[in-house]
Amino acid sequence: MAKVVIFGTAENSSLAHYYLEHDSPHEVVAFTVDREYLPADPVFEGLPVVAFDEIERRFPPAEFSMFAPLAPSEMNKFRERVYTEIRARGYTLISYVSSRATVFPDASIGDNCFILEDNTIQPYVKIGNNVVLWSGNHIGHHGEIRDHVYFTSHVVLSGRCLVEPYCYFAVNCTIRDGLHIAEGTFVTMAACVTRDTEAWGVYKGNPAQKKNYSSMDYFK
């Protein structure tokens with residue numbers, strides 16, 4: 001069990017608070033945001049909201065852990081920056097894995113992961129740090145998901161796939177077995193990827209075709 005400070009006060013943080021309180025051994029004690037986003041009434045979900053530049057004084061890393069379940073701004077680059085700064089301040093970041101997810105013992109999961117209900121994570125899967133798996137995804141056997149990746153819901157990642165950092169998978173997309181999904185790939189809603197992707201590409205359709213603009217144009 002850890003006493004946890006959650007970074008952020010948006011919907012993802014509200015949901016993280018709910019899941020941790022109802023389906024984990026952890027206790028959420030506060031929220032934190034950058035000072036410019038500190039609300040006039042610094043309370044969220046009935047708990048104090050503290051400026052991030054004061055976090056070590058109020059909640060020292062020797063006694064408290066953190067969790068940063070953020071949205072995929074800038075193709076997960078913002079999530080990476082927050083994650084890196086929290087670690088640089090000496091905090092341990094917890095992961096949340098729903099008790100209603102199917103995770104086989106051979107799977108490996110890093111820190112600051114947010115894995116919700118009805119995910120199936122098959123044997124020999126490796127999941128890196130700072131990965132979000134929203135509800136109802138299939139992560140196929142012998143696959144690897146590297147750091148700072150975001151899955152929405154009902155994504156099928158078939159077996160033996162390698163997913164590089166900063167990728168984003170929209171609702172109901174499908175990835176064929178054995179593919180290499182390059183850094184920063186954006187797979188759009190209901191797309192079906194049948195070939196390896198190119199870095200920072202956007203893939204739409206069935207079969208998916210690469211568009212002529214960068215994934216960095218999304219999530220500004």
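Throughout, numbering of the chain's residues begins at 1 and tracks the sequence.
Looking at every heavy atom in both residues, E117 comes nearest to R100 through CB-CB, 3.9 Å. Nearest heavy atom pair, residue S98 against residue Y96, reads CA-OH, 3.3 Å. Nearest heavy atom pair, residue G201 against residue S215, reads O-CB, 4.0 Å. Taking both residues in full, the closest heavy atoms of C113 and G128 are given as SG-O, 3.1 Å, listed atom of the first, atom of the second, then distance. Taking all atoms of both residues into account, the shortest heavy-atom contact from G178 to C161 is N-SG, 3.7 Å. Residues T32 and A51 come closest through the heavy atom pair OG1-C, 3.6 Å.
Clustering ILVMFWY residues whenever any of their side-chain heavy atoms sit less than 4.5 angstrom apart, transitively, puts L116 in a cluster other than the one holding L133. Both I115 and L157 belong to a single network of hydrophobic side chains, linked directly or stepwise wherever heavy atoms of I, L, V, M, F, W or Y lie under 4.5 Å apart. Residues L47 and L15 fall within the same hydrophobic cluster, defined by Ile, Leu, Val, Met, Phe, Trp and Tyr side chains chained together at heavy-atom separations under 4.5 Å.
Y168 pairs with exactly one of F151, F186, W134 by the ring pair (Phe, Tyr, Trp, His ring centres under 6.0 Å) rule, that one being F186.
Within the 4.5 Å cutoff, side-chain heavy atoms of V97 are placed close to those of V103. Residues L162 and I181 are not in side-chain contact: their nearest non-hydrogen atoms beyond the backbone lie 4.5 Å or more apart. Counting heavy atoms from C-beta outward, R79 and N76 have side chains that approach closer than 4.5 Å. F169 is listed as a side-chain neighbour of I175, based on a closest heavy-atom distance under 4.5 Å. D23 places a side-chain heavy atom less than 4.5 Å from the side chain of S99. At a threshold of 4.5 Å between non-hydrogen side-chain atoms, the residues K3 and H26 do not count as touching. Using a 4.5 Å heavy-atom cutoff, the side chains of V156 and I139 are not in contact.
Side-chain polar atoms of N137 and N119 form a donor-acceptor pair below 3.5 angstrom. Side-chain atoms of D118 and S135 form no donor-acceptor pair, as typed in the model, at a separation below 3.5 Å. In the model, Y166 has no side-chain atom that pairs as donor or acceptor with a side-chain atom of E74 under 3.5 Å. Using modelled atom types, one finds no donor on one side chain facing an acceptor on the other under 3.5 Å when comparing N129 with N112.
By the 30° and 60° cut-offs, the orientation of the rings of F44 relative to F31 is perpendicular. Between F114 and F67, the angle of the ring planes goes over 60°, which puts this pair in the perpendicular group of the 30/60° scheme.
Residues V5, F7, V29, V50, I55, F59, F64, M66, L70, F78, V82, Y83, I86, Y91, L93 make up the rest of the hydrophobic cluster containing F52, defined by ILVMFWY side-chain heavy atoms closer than 4.5 Å, directly or through other members. By the 4.5 Å side-chain criterion applied to Ile, Leu, Val, Met, Phe, Trp and Tyr, V171 is assigned to a cluster that also includes M189.
Annotation: side chain to side chain donor-acceptor pair (under 3.5 Å) contacts involving residues 172-182, sequence neighbours excluded, comprise R160-D177, E164-H180. Residue pairs that meet the salt bridge (Lys or Arg N to Asp or Glu O under 4.0 Å) test with at least one member in residues 181-208, sequence neighbours left out, do not exist here.
Here H142 and Y124 bring their ring centres to under 6.0 angstrom of each other.
Atoms CD1 and CD1, from I145 and I127 in turn, are 4.5 Å apart once rounded to the nearest 0.5 Å. Taking CZ of R87 as the reference point, atom CG of N130 lies at 10.0 Å (rounded to 0.5 Å). Put simply, OG1 on T194 and CG on L179 are 7.5 Å apart, with the number rounded to the nearest 0.5 Å. The NE2 atom of H148 sits 12.0 Å away from atom CZ of R146, with the distance rounded to the nearest 0.5 Å. For the atom pair T185 OG1 and Y203 OH, the distance stands at 6.0 Å (nearest 0.5 Å). Atom OG of S65 sits about 12.0 Å away from atom CD1 of I6, to the nearest 0.5 Å.
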### Task
Give the C-alpha distance, both sets of side-chain angles, the deciding distance and a yes or no for side chain to side chain donor-acceptor pair (under 3.5 Å) between S95 and D111.
CA-CA 5 Å; S95 283; D111 63 6; 5.9 Å; no
### Message
Walk me through whether T9 and V49 qualify under side chain to side chain contact (heavy atoms under 4.5 Å, CB included).
### Response
CA-CA 8 Å; T9 54; V49 181; 4.2 Å; yes
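Heavy atoms of other residues, nucleotides or ligands lying less than 6.0 angstrom from OH of Y213 number more than 12.
Of the possible polar contacts, none joining the S108 side chain to the K126 backbone as a donor-acceptor pair under 3.5 Å is found. Of the possible donor and acceptor atoms, none in the side chain of Q122 sits under 3.5 Å from a partner among the backbone N and O of G159. Side chain of H17 to main chain of S13: no donor-acceptor pair is present (N/O by atom type, distance under 3.5 Å, no hydrogens or angles). Formation of a donor-acceptor pair under 3.5 Å by the H141 side chain with backbone atoms of P123 is not found in this model.
Take E56 and apply the salt bridge (charged side-chain N to carboxylate O under 4.0 Å, His left out) test, not counting sequence neighbours, and it matches R89.
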Can you give each donor-acceptor pair under 3.5 Å made by side-chain atoms of residues 205-212, sequence neighbours left out, with the distance rounded to 0.1 Å?
none

